Amino acid sequence: MKISEIAQRLGLEICCGNCEQEVFHGCSGDLLSEVMSHAKPSSIWVTVQSHVNIVAVAAISGIRAIVLCNDHKYPQETIVKAEHEGICLLKTNKSAFEIAGLLYSIGIKP
Amino acid sequence: MSITEIMNHSVISVRPDRTLRQVKEILRIKRISGLPVVDSSRKLIGIVSIEDIIKALEGGYIDDTVENRMTKDVVSIESTATLKEVIEFFEKWSYGRFPVVDGEKRLVGIVTKNDVMMALLAKLGLVYLHDERRREVLDSPEYFARSLLTGERLDKSGADFYFSIDYFDINLAGVGASKLRQFLLSKGVDEKTARRVSIATYEAETNVVIHSGSTGAIYCFIKPESIFVRVEDTGKGIEDVELAMREGYSTAPDYVRELGFGAGMGLANMKRCSDNMIVMSKVGAGVVVEMEFLRGREAKG
Ligand SMILES: Nc1ncnc2c1ncn2[C@@H]1O[C@H](COP(=O)(O)OP(=O)(O)OP(=O)(O)O)[C@@H](O)[C@H]1O
Ligand SMILES: [Mg+2]
């Protein structure tokens with residue numbers, strides 16, 4: 001599913017990146033090594049981590065979009081790096097639990 | 001685990017009518033220190049050790065037959081024994097090896113302490129150098145010049161990829177691994193392999209930045225069948241590598257935990273992503289991680 005379609009259906013705010021990419025899988029977590037070990041390529045990541053390291057984690061493990069929950073804000077550094085790496089950054093005031101449930105319900109696979 | 005999985009099946013034995021001088025030659029040529037004695041139906045009837053040979057040389061009876069001088073009440077283990085029972089045997093008797101026999105007392109193998117240790121390490125899934133070899137490597141001035149995995153001299157200047165981990169800023173963690181990923185893709189390495197390599201390298205790189213308190217380097221060699229990566233640092237080292245390898249073990253300070261590091265999963269990730277891995281460390285001298293990735297394979301588990 002296209003990231004732009006997900007953003008629209010879940011009411012996510014788009015901060016940067018190419019939203020015309022497709023994602024098929026989802027993962028959630030705030031521990032970077034854990035995400036690295038579980039995330040599949042072409043996936044969307046639900047987290048409350050916003051600092052710049054999340055971009056390297058995403059780029060290396062094939063995550064194409066990150067959803068930052070609970071109304072946390074991305075530091076400018078993170079946005080700059082994500083733009084450089086082509087990672088799509090999204091944000092929402094909903095909780096990670098709610099976002100994961102919604103993603104699942106629209107057909108994003110674990 | 002049963003003893004048949006860990007013992008040496010191709011056991012060398014000797015007949016009782018041979019002389020001790022012949023035994024001496026076998027021990028010398030095969031570089032072993034004892035031989036089980038079997039009769040014509042392969043039944044275990046005794047054992048001769050290097051000690052018996054020394055005594056024979058001293059006592060001037062080296063041309064005597066094995067039968068006259070062997071130890072007859074030899075302690076053997078049944079081939080149905082478990083690993084636990086084998087370990088108990090080594091505890092109970094001070095011998096270095098035990099012949100393994102079947103239900104009819106026929107010799108089927110031999111087991112040494114080293115076999116037991118290797119079996120345990122294999123079970124841990126760890127390629128881990130045993131103590132002697134480890135000390136040898138660590139004490140040698142070539143500690144940083146030889147490959148742990150292959151034992152060969154590493155021509156680091158000939159590496160296909162080199163990255164110096166010379167930053168301490170945790171925000172930069174993973175730049176080397178990201179560059180390596182790009183590099184591998186540009187060299188036509190398939191996407192899945194590149195992903196495995198870069199995840200494992202990311203973990204090793206962040207460990208250098210977070211834990212070593214020092215700088216380090218990433219070397220990568222692209223081979224036709226595999227990708228070889230070595231990440232090394234000259235920092236404080238790891239006191240107990242086995243403990244550090246355990247999933248969930250972490251000494252990460254609080255400020256990096258807040259950033260999502262410190263799950264204690266880094267080393268476990270490296271092991272999962274690679275096909276072969278060795279971690280070697282000397283406290284105060286640094287850590288070396290070597291990993292081999294066979295090309296065109298999925299990650300384990
Ligand atoms: N290069 C190193 N120098 C010194 N200590 C290290 C090094 N690499 C690992 N360690 C030690 O090994 C422990 C386990 O490392 P591992 O990568 O598995 O977990 P972590 O780095 O603590 O957490 P995570 O990788 O999940 O963020 C570390 O907490 C640290 O004590
Ligand atoms: Mg780590």
Side-chain angles (χ1 to χ4, degrees), chain A residues 17 21-25 27-64 66-70 72-89 91 96 110, chain B residues 167 169-185 190-207 209-211 244-245 247-250 252 255-274 298-301:
Chain A
Q21 309 176 75
E22 299 236 40
V23 293
F24 306 101
H25 302 279
C27 67
S28 71
D30 307 313
L31 293 169
L32 305 183
S33 290
E34 199 160 87
V35 171
M36 281 243 145
S37 83
H38 296 310
K40 296 183 176 141
S42 305
S43 55
I44 183 165
W45 171 21
V46 184
T47 186
V48 292
Q49 294 287 0
S50 62
H51 67 97
V52 63
N53 287 114
I54 61 174
V55 180
V57 170
I60 287 168
S61 55
I63 290 167
R64 292 188 174 155
I66 301 172
V67 188
L68 181 61
C69 302
N70 294 345
H72 285 286
K73 311 271 184 294
Y74 289 108
Q76 192 55 30
E77 252 189 304
T78 305
I79 296 177
V80 171
K81 182 135 190 235
E83 256 163 4
H84 179 75
E85 293 280 353
I87 307 289
C88 189
L89 296 185
K91 64 186 287 298
Chain B
Y167 58 91
D169 179 357
I170 184 70
N171 286 341
L172 294 176
V175 272
S178 300
K179 287 203 169 123
L180 176 57
R181 178 169 167 274
Q182 290 306 328
F183 175 78
L184 293 175
L185 292 174
D190 67 288
E191 188 106 26
K192 276 178 184 149
T193 306
R195 181 169 180 272
R196 287 199 289 142
V197 175
S198 53
I199 289 178
T201 307
Y202 170 91
E203 295 288 8
E205 183 184 0
T206 54
N207 279 356
V209 179
I210 294 172
H211 304 294
M245 291 285 307
E247 214 164 292
Y249 176 84
S250 173
Y255 78 97
V256 298
R257 284 183 194 263
E258 278 162 26
L259 303 177
F261 295 101
M265 288 192 57
L267 286 161
N269 271 357
M270 292 180 224
K271 187 163 143 349
R272 191 181 48 87
C273 286
S274 60
E298 294 275 352
K300 288 172 268 181

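Computation of the quantities below employed the complete heavy-atom set of this structure, encompassing side-chain atoms and omitting hydrogens, waters and symmetry-equivalent molecules. Naming: A, B, ... by sequence-line order, numbering from 1 per chain. Just so we're clear, the structure is a prediction, and the values are computed from it rather than from any experiment.
The one candidate from B/Leu172, B/Leu259, B/Asn171 that meets the side-chain contact (heavy atoms from CB on, under 4.5 Å) condition with A/Val52 is B/Asn171.
Proximity to chain A involves both the backbone and the side chain of B/Ile170, based on heavy atoms less than 4.5 angstrom apart. Interface remark: B/Glu258 contributes backbone atoms only to the contact with chain A (heavy atom separation under 4.5 Å). Proximity to chain B is limited to the side chain of A/Gln49, based on heavy atoms less than 4.5 angstrom apart.
More than 12 heavy atoms of other shown residues, nucleotides or ligands fall within 6.0 angstrom of atom CD in A/Glu85.
Chain A forms more heavy-atom pairs under 4.5 Å with one residue of B/Thr206, B/Val175, B/Ile199 than with any other, namely B/Ile199. Each of B/Ser198, B/Gly266, B/Ala268, B/Gly174 has some count of heavy-atom pairs under 4.5 Å with chain A, and the biggest count is that of B/Ser198.
Minimum heavy-atom separation, B/Asn269 to A/Ser33: ND2-O, 2.8 Å. Closest non-hydrogen pair, B/Ala177 versus A/Ile60, comes out as CB-CD1, 3.7 Å. Minimum interatomic distance between A/Asn53 and B/Tyr202 (heavy atoms only, all atoms of both residues): O-OH, 4.4 Å. Nearest heavy atom pair, residue A/Ala56 against residue B/Ala173, reads CB-O, 3.8 Å. Nearest heavy atoms, A/Ala39 versus B/Arg195: O-NH2, 2.5 Å.
In this structure, OG on B/Ser178 lies 9.0 Å from NE2 on A/His84, to the nearest 0.5 angstrom. Separating the CE atom in A/Met36 from the CZ atom in B/Arg272 is a distance of 10.0 Å, to the nearest 0.5 Å. A distance of 9.5 Å separates CG of A/Leu31 from CZ of B/Arg257, quoted to the nearest 0.5 Å.
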